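Taking it in order: structure first as structure tokens, then the write-up.
Excluded from the calculations below are hydrogen atoms, water molecules and symmetry mates; all remaining heavy atoms, backbone and side chain alike, are included. Quantities reported herein were computed from a predicted structural model and do not represent experimental measurements.
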Amino acid sequence: MPIDFRLRDHLHPVAVLRLRRTLERTQWMTRDELRAYQAQRLRSVLGHAARTVPHWRATFASVGLDPRRIEDPSELAVLDVLAKERVRELGDALHAEDARRLGAREESTSGSEGRPTRFLLDRRSRVLEFCHYWRHWSWAGYRLGDAFAELGDHHFARRGPHGPRGSSGSARRAASWCTPRACARTASRHCCASSSAACDSSRACPSALAQLADSVADAGEARHRFDAVFSTGELLVPSVRARIERVLGGPVLDSYGHMERTVAVVECERGGRHAAQDYGLLETIDVRAEPGGTRVGRVVGTGLHGLAMPLVRYDVGDEIELAPEGANCPCGRTLPLVGAVRGRVADVVRTPDGRAVGTLYTLVEERHGVRAFQFRQLAPDRVLLLVVPGPRFADAAAEELRAAGHRRLGDGVRLDVVRATEDDLERGPTGKVRPVVGLTPSSVDATAGAGAARATPAGT
């Protein structure tokens with residue numbers, strides 16, 4: 001999820017400083033204090049929704065919920081979960097009548113599920129995003145105004161004749177820019193610019209950071225190392241984290257969120273994954289226990305700040321692993337912990353015997369010598385693993401991956417490991433690489449296309 005900070009988003013210093021002070025306080029609150037803060041925000045946001053949003057006005061009346069009297073977030077359980085398809089159907093009925101006064105502008109999701117979802121983000125939502133990431137980066141020592149290096153292609157970038165170019169002079173906010181697909185060609189330039197601009201931190205999606213790390217390592221030259229690296233937008237697998245930290249420095253602090261801004265999870269400097277329950281109310285539904293005792297639930301979010309288009313009990317479409325009961329983080333922050341972010345519910349392999357196998361990406365470890373990869377399910381009984389090999393990738397690694405996949409998927413599923421290139425990996429509209437592409441008509445078509453045709457079996 002990109003952070004699209006525009007100049008006009010910074011023209012509300014009072015709102016920014018006030019919310020920043022609040023978020024500094026809420027990260028240390030006791031459970032009861034945080035619950036009271038959430039209830040106060042719900043009364044404000046949903047009270048406004050009852051007055052100005054047609055859908056919520058009717059819905060609250062139908063279930064007998066008076067937002068002005070909410071004392072605990074659990075009271076929202078009387079409301080049905082709001083699916084994305086339902087959001088698309090309702091359209092303007094979810095918009096506040098005073099949305100323009102609130103500085104709302106229309107945005108949309110990337111459409112990775114086949115159809116974008118349109119929504120409104122108002123002034124307070126943009127201030128929230130700014131303050132949320134300001135707080136998260138500060139956990140690694142970042143101070144507002146410090147130069148940082150970003151791998152991306154839109155925010156803070158100045159356009160040159162050949163697309164986005166470096167912007168180290170732009171208020172020292174960013175040292176250099178390149179598109180994720182261009183990292184291999186610009187690795188040295190990026191690191192030199194980061195060094196000359198005295199950047200102590202870098203931010204990008206994991207696949208871009210991994211590609212940069214591999215390119216720098218291949219060059220075998222001195223490079224700039226960062227005190228912290230912030231990853232976002234894709235699942236961060238352990239092998240990729242290790243490569244980034246070894247080459248670019250670290251630690252890597254990961255973050256998870258979505259464009260609609262109802263939930264967020266951020267990793268602290270001690271490795272804890274904290275649900276930012278002062279950003280939005282994160283619930284888990286349909287919780288199930290997996291072999292080994294891991295509990296996994298579907299993410300449902302409720303915004304605590306935006307007024308122009310409040311989303312209440314919104315089905316985000318992702319799954320997370322729940323942390324053990326009573327788990328605390330060594331950092332001392334009291335924001336609740338989650339075990340791990342699984343990602344899209346669709347990013348699982350469904351076997352002929354009815355099992356939904358998730359986290360296949362954990363099979364690909366650093367020792368395999370794989371630079372990038374993607375699992376694709378072609379049929380209920382067949383899965384393809386595309387691997388972009390590094391210099392240490394060998395036939396033995398391919399056989400090890402086949403064996404590990406067989407153990408995870410069972411006798412009824414065939415796993416083929418094939419060599420591929422970066423261009424063979426299926427990407428979403430924003431350029432993100434999905435580590436697992438589940439069995440859908442579009443994924444079958446994509447796998448049958450040019451990318452699969454260019455791939456060659458590993459170990460042959």
Side-chain angles (χ1 to χ4, degrees), residues 1-3 5 20 23-24 26-28 128-152 155 173-175 180 190-191 194 198-213 216 224-258 261 263-280 282 318 320-321 323 327-343 361 366 432 435:
M1 181 192 66
I3 311 175
F5 293 150
R20 167 66 171 159
L23 295 184
E24 278 297 296
T26 52
Q27 65 182 325
W28 309 105
L128 168 68
E129 197 76 349
F130 183 86
C131 293
H132 168 67
Y133 278 99
W134 181 6
R135 178 178 71 177
H136 181 219
W137 298 345
S138 73
W139 292 355
Y142 173 83
R143 295 182 300 174
L144 192 63
D146 287 350
F148 65 91
E150 175 121 7
L151 288 159
H155 16 282
R173 292 189 183 104
H190 181 81
C191 288
S194 300
C199 294
D200 292 326
S201 57
S202 181
R203 179 184 180 277
C205 63
S207 59
L209 289 165
Q211 191 171 347
L212 175 64
V216 170
H224 181 72
R225 290 180 64 84
F226 300 102
D227 293 338
V229 176
F230 302 102
S231 64
T232 188
E234 298 171 350
L235 288 179
L236 176 64
V237 301
S239 60
V240 169
R241 180 194 291 271
R243 281 154 55 197
I244 295 169
E245 291 183 342
R246 184 177 64 249
V247 178
L248 301 181
V252 175
L253 274 64
D254 195 30
S255 62
Y256 158 79
H258 66 127
R261 298 179 184 172
V263 296
V265 175
V266 285
E267 185 177 12
C268 73
E269 70 278 13
R270 300 297 296 272
R273 298 181 182 91
H274 294 267
Q277 294 283 40
D278 48 1
Y279 175 104
L282 187 154
D318 291 338
I320 62 171
E321 296 177 10
N328 296 311
C329 186
C331 75
R333 296 180 183 89
T334 52
L335 294 174
L337 294 173
V338 303
V341 177
R342 288 279 183 94
Y361 54 85
E366 187 176 13
K432 298 178 184 178

- [ ] Tell me, please, which residues at least two apart from Arg225 pass salt bridge (charged side-chain N to carboxylate O under 4.0 Å, His left out).
- [x] none
- [ ] Please name all residues satisfying side chain to side chain contact (heavy atoms under 4.5 Å, CB included) with Ala276, sequence neighbours left out, ordered by chain then number.
- [x] His132, Arg135, Ala264, Asp278, Tyr279
TODO: With sequence neighbours excluded, tell me which residues meet side-chain hydrogen bond (donor to acceptor under 3.5 Å, both in side chains) with Ser201.
DONE: none
TODO: Nearest 0.5 Å please: distance from the CG atom of Leu128 over to the OH atom of Tyr133.
DONE: 10.0 Å
TODO: Could you tell me which non-hydrogen atom of His274 sits nearest to which non-hydrogen atom of Trp139, and how far apart they are?
DONE: CD2-CZ3, 4.4 Å
Task: Interatomic distance, His136 atom NE2 to Leu253 atom CG [nearest 0.5 angstrom] - done: 4.5 Å
Task: Sequence-distant partners of Asp254, side-chain hydrogen bond (donor to acceptor under 3.5 Å, both in side chains), two or more places apart - done: Ser231
Open item on the list: So, taking the atom named CD1 in Ile244 and the one named CZ in Phe226, what distance separates them when rounded to the nearest 0.5 Å?
Closed with: 11.5 Å
TODO: Starting at CZ of Arg143, measure out to OG of Ser138 and round the result to the nearest 0.5 Å.
DONE: 11.5 Å
Open item on the list: Please give me the minimum heavy-atom distance between Thr334 and Thr26, naming the atom from each residue.
Closed with: OG1-O, 4.5 Å
TODO: Look only at the side chain of Gln277 and the backbone of Leu282, and say whether a donor-acceptor pair between them is shorter than 3.5 Å.
DONE: yes
Task: Distance-minimising heavy-atom pair for Leu337 and Ala323 - done: O-CB, 3.4 Å
TODO: State, yes or no, whether a side-chain contact exists between Cys331 and Glu269 at a heavy-atom distance under 4.5 Å.
DONE: yes
Open item on the list: Looking at every heavy atom in both Pro206 and Leu236, which two are closest together, and how far apart are they?
Closed with: CB-CD1, 3.8 Å
- [ ] Could you check if a side-chain atom of Tyr256 sits within less than 4.5 angstrom of a side-chain atom of Asp318, using non-hydrogen atoms only?
- [x] yes
Task: Non-neighbouring partners of Glu245 that pass salt bridge (charged side-chain N to carboxylate O under 4.0 Å, His left out), sequence neighbours left out - done: none
Open item on the list: Do Cys268 and Val266 have side chains that approach each other closer than 4.5 Å (heavy atoms only, starting at C-beta)?
Closed with: no
Task: Partners passing side-chain hydrogen bond (donor to acceptor under 3.5 Å, both in side chains) against Glu24 (at least two apart in sequence or in another chain) - done: Arg20, Gln27
Open item on the list: Would Trp137 and Asp146 count as a side chain to side chain contact (heavy atoms under 4.5 Å, CB included) here? Give the steps.
Closed with: CA-CA 11 Å; Trp137 298 345; Asp146 287 350; over 6 Å; no
TODO: List the atom of Arg241, the atom of Val252, and the distance in Å for their closest heavy-atom pair.
DONE: NH1-O, 2.9 Å
Open item on the list: Minimum heavy-atom separation for Pro251 and Asp227, please, with both atom names.
Closed with: CD-O, 3.4 Å
Task: Arg273 (side chain) donor-acceptor with Val341 (main chain) under 3.5 angstrom - done: no
